[in-house]
Colleague: 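Submitted below is the structure of interest, expressed as structure tokens.
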Amino acid sequence: MTDSAASRNRETLRKLAIIALLMFGFGYALVPLYEKICEVTGINNLVKPDEVVNTQVDTSRTIVMEFDANVRGEINWQLIPRERKKRVHPGELVHVVFDLKNASDVPVLAQAIPSYGPQRAGLYVKKLDCFCFTQQEIAAGENRELSVVLVVEPSIPRDVHTVTLSYTMFEIEGAEQRSASIRLAGGKKS
Amino acid sequence: MEAVHEHDHGHDHPSGIMRWVTTTNHKDIGTMYLWFSFTMFLVGGVMALVIRAELFQPGLQVVEPEFFNQMTTLHGLIMVFGAIMPAFVGFANWQIPMMIGAPDMAFPRMNNWSFWLLPPAAMLLVISMFVPGGSAGVGWTLYAPLTVQQGMGMDLVIFAVHILGMSSIMGSINIITTILNMRAPGMTMMKMPLFVWTWLITAYLLIAAMPVLAGAVTMTLTDRHFGTNFFNAAGGGDPVLFQHIFWFFGHPEVYIIAIPAFGVVSQVLPAFSRKPLFGYASMVYATASIAILSFLVWAHHMYTVGMPVEAQLYYMFATMLIAVPTGVKVFNWVATMWKGSLTFETPMLFAIGFLFLFTLGGFTGLVLSLTPVDVQLHDTYYVVAHFHYVMVAGALFSAFAGVYFWLPKWIGKMYDEKLGKLHFWLSIIFFNVTFFVQHFSGLAGMPRRIPDYALQFADFNMISSIGAFGFGLSQLLFLYILVKAIRSGEKAPEKPWEGADTLEWTHLPTPAPYHSFETPPTVK
Amino acid sequence: MRLKAFLRLLGSGAALLLPAVAVAEWRLNLKPAATAIGRDIYDLHTLVMIIITVIFIGVFGFMFYAIVKHRKSVGHKAEQFHESTTVEIIWTVIPVFILIGMAWPATKALLTLRDTSAPDMTIKVTGYQWKWGYEYLDDGIQFYSTLATPREQIQGDDEKGENYLLEVDNPLVVPVGKKVRILTTANDVLHAWFVQELAVKQDAIPGFIRDTWFRAERTGTFRGQCAELCGKEHGFMPIVVKVVSEDDYRGWVETKKAGTAVKAFDPGKTYSVAELRSTGEGVYNTHCVACHQTDGGGMPPTFPAITGGKIATGPTTGHIDIVVNGSKKNPMMAAWGPQLTDVEIAAVITYQRNALGNALGDAVQPGAIAAARK
């Protein structure tokens with residue numbers, strides 16, 4: 001192979017290697033990209049209070065809000081919405097209370113993750129205050145009232161009549177040291 | 001394949017095992033790729049037979065459910081990354097330099113590395129079965145968060161995927177550079193044989209897709225051990241994100257497997273029709289557009305995760321669109337045969353088998369592209385049948401066609417034509433016995449990846465298992481044919497196939513010398 | 001509408017015409033749906049199959065004609081044409097129109113399929129390794145649904161029943177003709193709730209809810225399975241949906257509510273070892289047997305043995321703790337406290353200590369469980 005051919009080959013190699021590296025980076029870039037898309041489409045906005053654009057109450061419409069809660073992790077605890085269902089007008093300020101009961105003998109650090117059904121409703125449910133914005137540290141045997149203040153945007157599509165707001169409470173850390181071998185997530189890093 | 005020595009120009013190279021370890025010759029490396037892939041094909045095949053043995057009857061007879069899951073996982077990974085992809089890289093190594101008039105690959109030493117990464121990766125996959133807790137029982141798609149629950153075997157699988165990915169990327173860089181820079185004078189892009197074109201496109205797909213998979217499994221690894229939360233809802237992640245990243249790689253991967261197969265068939269069909277390939281240019285464009293579209297449709301593997309309906313509509317339409325260029329290819333192949341002068345040697349039989357059954361697999365793909373229908377069929381045996389029509393009847397049959405077609409050029413000896421035809425008929429019959437009935441199991445709602453099933457699925461599963469064992473045994477015949485040809489095959493004529501017209505047939509003796517085209521040929 | 005009726009006729013006609021169908025119950029097509037959307041999907045599938053068959057016969061008609069007539073052995077000379085722009089444009093454009101023809105009904109069906117608005121009732125479905133949890137959000141009923149097929153049938157020690165692997169202890173009961181909205185979520189890994197006759201398949205994702213719906217048009221029992229690989233017992237977590245009349249449903253709700261209030265067992269009472277043992281056997285076979293096995297031998301190291309096990313033959317407090325709160329070291333051992341009653345946990349612990357090769361002779365009382373829960 002002549003020198004010029006070899007250098008041409010090296011040039012191609014360099015370009016292709018860069019493409020490969022960029023694509024590896026792209027795999028990671030999909031993470032924030034996905035989060036952004038979820039945020040824009042309202043599927044998965046987690047920890048920030050939302051801005052309410054329009055607080056005009058639209059009394060001509062009524063939306064059924066359902067509240068649901070789940071707990072995960074290996075401890076004995078409960079999260080129960082005080083009201084299962086509420087009829088609300090778009091634009092109206094809604095206050096909802098959930099009861100968290102730690103029936104175990106260990107303190108727990110917990111994080112709640114909200115989720116909506118149908119997903120696109122998430123775009124229109126604006127949480128002004130929510131227990132999901134912060135981690136909850138709950139002592140052994142403690143009962144706690146957790147509250148959410150939200151507004152359903154009047155711009156919510158006409159064909160949405162029922163919106164479910166569901167929280168899943170995850171155990172981030174129990175008080176006891178746990179073996180790190182095969183466990184879900186060691187701790188919240190984000 | 002000692003025969004390659006015969007026309008050796010007398011260059012010094014080590015003999016025995018060191019020859020193979022240190023070789024930088026594209027033909028040696030191609031040979032090693034092909035044997036490696038065949039070995040992995042048998043290993044993955046045995047795993048498939050374990051699966052089919054368990055599913056022969058309802059009830060748990062042969063293996064425990066955990067081991068069953070490990071078998072489905074390893075069968076998938078080994079067949080995709082260990083058998084089919086290396087097989088086509090083997091073809092690329094042997095054929096691309098000869099087809100474009102180059103003396104060797106652009107980076108011979110890197111070529112050696114990319115092959116020798118494969119055996120350790122395969123070892124990791126196999127060893128993973130024997131560590132405490134066994135291998136990963138998560139399916140080849142490695143969906144989170146099930147991956148987090150797995151034992152050490154999962155880590156070995158992740159490392160294996162990393163190494164396999166690295167090997168593929170290096171191989172692809174080599175192939176692209178060779179094709180772009182080392183063509184003989186006069187060999188313009190639009191004069192390249194279609195096999196070379198398909199590999200050029202595939203190699204770009206690999207470079208774009210494999211790193212993304214590497215990213216996905218790295219995230220799985222850090223989620224497992226280093227406290228990241230990419231796929232863990234508790235830490236603000238999302239398990240569905242894994243599926244998006246995986247299929248961003250996974251759908252192009254389907255075409256990484258299928259497109260070189262298209263290339264082989266596009267060489268074989270014209271040769272035995274004694275007629276040029278119909279619509280060469282449109283074949284190139286169709287292949288390129290399939291490759292581009294393959295990056296835009298990944299979420300059609302995820303219709304049931306609950307995406308917004310707008311997204312589902314987009315993915316449905318985009319997926320259906322792939323039918324157009326794929327249709328163009330099928331029509332072109334049939335038009336190539338039309339008014340030819342056909343003969344039906346083994347390579348042609350496998351190419352026709354490919355054309356017929358791959359199209360069937362394409363049609364079931366069209367059925368699955370329709371989101372509402374897919375909701376009924378997703379993760380059922382219908383999908384299993386669909387992708388085996390594409391992977392086995394598509395890629396594998398085309399690889400068989402390629403081996404029978406080029407074997408005389410590689411070793412200078414002929415295979416036994418009668419046995420070759422028998423191999424074809426056994427393969428195609430048992431293939432259909434195995435997989436055609438799986439469409440029905442799927443339509444009736446049998447989920448995939450289950451070790452035991454309801455009584456209503458019993459008949460079809462029994463038929464399928466019988467077919468699978470038949471298919472498996474038929475491949476031992478293939479091994480016999482190969483060994484027989486290498487050891488005692490008749491001497492091949494200079495040009496055994498009348499209609500073959502690419503450089504390796506027209507400008508090189510048979511068998512091809514160890515070093516070919518050291519002075520580039522001039523292409524008119 | 002007429003096209004639909006025609007398609008349905010063709011669909012059933014095609015099934016009848018195939019001679020193989022005459023043999024026993026070889027089902028060659030989708031199951032007849034019990035929902036309107038399910039029928040739309042069935043028709044859509046039939047439509048696509050017809051289009052495919054026509055194209056298939058057309059294309060391969062040409063190929064087989066060439067194989068027969070244009071072979072060298074019959075003396076056919078090869079022509080050398082290799083392109084025709086007109087033909088190539090035609091076979092690019094025509095498929096586009098065919099695809100549009102398919103996309104139209106598919107889009108309509110998809111939009112209906114995803115329209116979960118205005119439901120009559122909502123049921124939350126939670127996937128667990130390996131069972132389903134159901135919660136009726138409107139009626140406040142909550143229960144778990146596990147495989148009812150005995151292990152002996154799976155292991156081949158007993159003859160398999162008619163609904164082998166498709167039977168559960170507590171089926172989901174819904175009223176006919178009502179729009180039932182299903183919310184799915186999962187406790188541990190991905191699952192998918194799949195009942196073909198109701199045209200429902202929805203992944204269940206830990207930490208998130210997804211919704212889907214069905215409106216059953218006829219009463220009956222519909223069976224499905226988990227459709228997303230969720231670990232070793234993935235094949236053993238079926239779904240049974242009983243569609244009943246509105247009245248029957250009301251009646252079922254009443255008894256279910258009453259049943260949850262008054263348990264046959266009294267948690268305050270003291271039971272004998274034998275009483276607890278016999279109840280415990282049932283609990284064990286429903287919830288524990290998948291991992292710890294029928295003989296208590298387990299599958300070490302992930303699933304330790306009960307027989308002679310360190311915890312199962314150790315002090316009762318440790319035994320109660322691991323059952324109620326789960327294992328701190330091994331994530332595969334779930335916390336059963338939230339899922340089982342005091343009596344059930346007491347019974348299963350007593351069973352484990354006095355059967356499966358263990359004979360400690362001590363009874364764990366429901367009161368002890370209540371105390372352990374605090």
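Naming convention: chains lettered A, B, ... in sequence-line order (proteins, then strands); numbering from 1 in each chain. Hydrogens, waters and symmetry mates are skipped; everything else that's a heavy atom, side chains included, is used.
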Colleague: With a 4.5 angstrom heavy-atom cut-off, which part of B:M316 approaches chain C: side chain, backbone, both or neither?
Modeller: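 Just its side chain gets close to chain C.
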Colleague: What part of B:V334 is in contact with chain C, defined as an atom under 4.5 angstrom from a non-hydrogen atom: side chain, backbone, both or neither?
Modeller: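 Side chain only.
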Colleague: Could you tell me which portion of B:F272 (side chain, backbone, both or neither) has an atom closer than 4.5 angstrom to a non-hydrogen atom of chain C?
Modeller: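 Nothing of B:F272, per the 4.5 Å heavy-atom cut-off to chain C.
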Colleague: Apply ring-ring contact (aromatic ring centres under 6.0 Å, His included) to B:H439 and list each qualifying residue two or more places apart in sequence or on a separate chain.
Modeller: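 Expected list: B:Y382, B:Y389, B:F436.
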Colleague: Below 3.5 Å, can you tabulate the donor-acceptor pairs from side chains in residues 51-71 of chain C to any protein atom, sequence neighbours excluded?
Modeller:
| residue | atom | partner | partner atom | Å |
| --- | --- | --- | --- | --- |
| C:T53 | OG1 | C:M49 | O | 2.4 |
| C:H70 | ND1 | B:K339 | N | 2.8 |
| C:R71 | NE | C:I67 | O | 3.0 |

Colleague: Under a 4.5 Å heavy-atom cut-off, does chain C meet the side chain of B:Y143, its backbone, both or neither?
Modeller: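 For B:Y143, side-chain heavy atoms alone lie under 4.5 Å from chain C.
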Colleague: Under 4.5 Å heavy-atom distance to chain C, tell me which part of B:P58 shows up: side chain, backbone, both or neither.
Modeller: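 Both backbone and side chain of B:P58 come within 4.5 Å of chain C.
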Colleague: Any side-chain heavy-atom pair from B:L342 and C:H76 closer than 4.5 angstrom?
Modeller: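 Side-chain contact under 4.5 Å: no.
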Colleague: Where does B:E498 contact chain C at under 4.5 Å (heavy atoms): side chain, backbone, both or neither?
Modeller: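 Only the side chain of B:E498 comes within 4.5 Å of chain C.
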Colleague: So which of B:M302, B:R449, B:K275 has the biggest tally of heavy-atom pairs under 4.5 Å with chain C?
Modeller: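 Of B:M302, B:R449, B:K275, B:K275 has the most heavy-atom pairs under 4.5 Å with chain C.
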Colleague: Can you say whether B:A335 sits under 4.5 Å from chain C via the side chain, the backbone, both, or neither, judging by heavy atoms?
Modeller: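 The answer is both parts of B:A335.
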Colleague: Out of C:I154, C:V48, C:I94, which one racks up the most heavy-atom pairs below 4.5 Å with chain B?
Modeller: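 That would be C:I154.
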Colleague: Answer with side chain, backbone, both or neither: which region of B:F331 has an atom nearer than 4.5 Å to a non-hydrogen atom of chain C?
Modeller: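 For B:F331, the contact with chain C is made by backbone and side chain together.
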Colleague: Answer whether the closest heavy-atom distance between the side chains of C:H82 and B:L277 falls below 4.5 Å.
Modeller: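 A side-chain contact is absent here, since even the closest heavy-atom pair is not under 4.5 Å.
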Colleague: What residue, out of C:P95, C:G231, C:A109, has the most heavy-atom pairs lying under 4.5 Å from chain B?
Modeller: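 Top count of heavy-atom pairs under 4.5 Å with chain B: C:G231.
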Colleague: Taking side chain as C-beta onward, heavy atoms only, is C:F194 less than 4.5 Å from B:Q376?
Modeller: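 Of all side-chain heavy-atom pairs linking B:Q376 with C:F194, at least one is under 4.5 Å.
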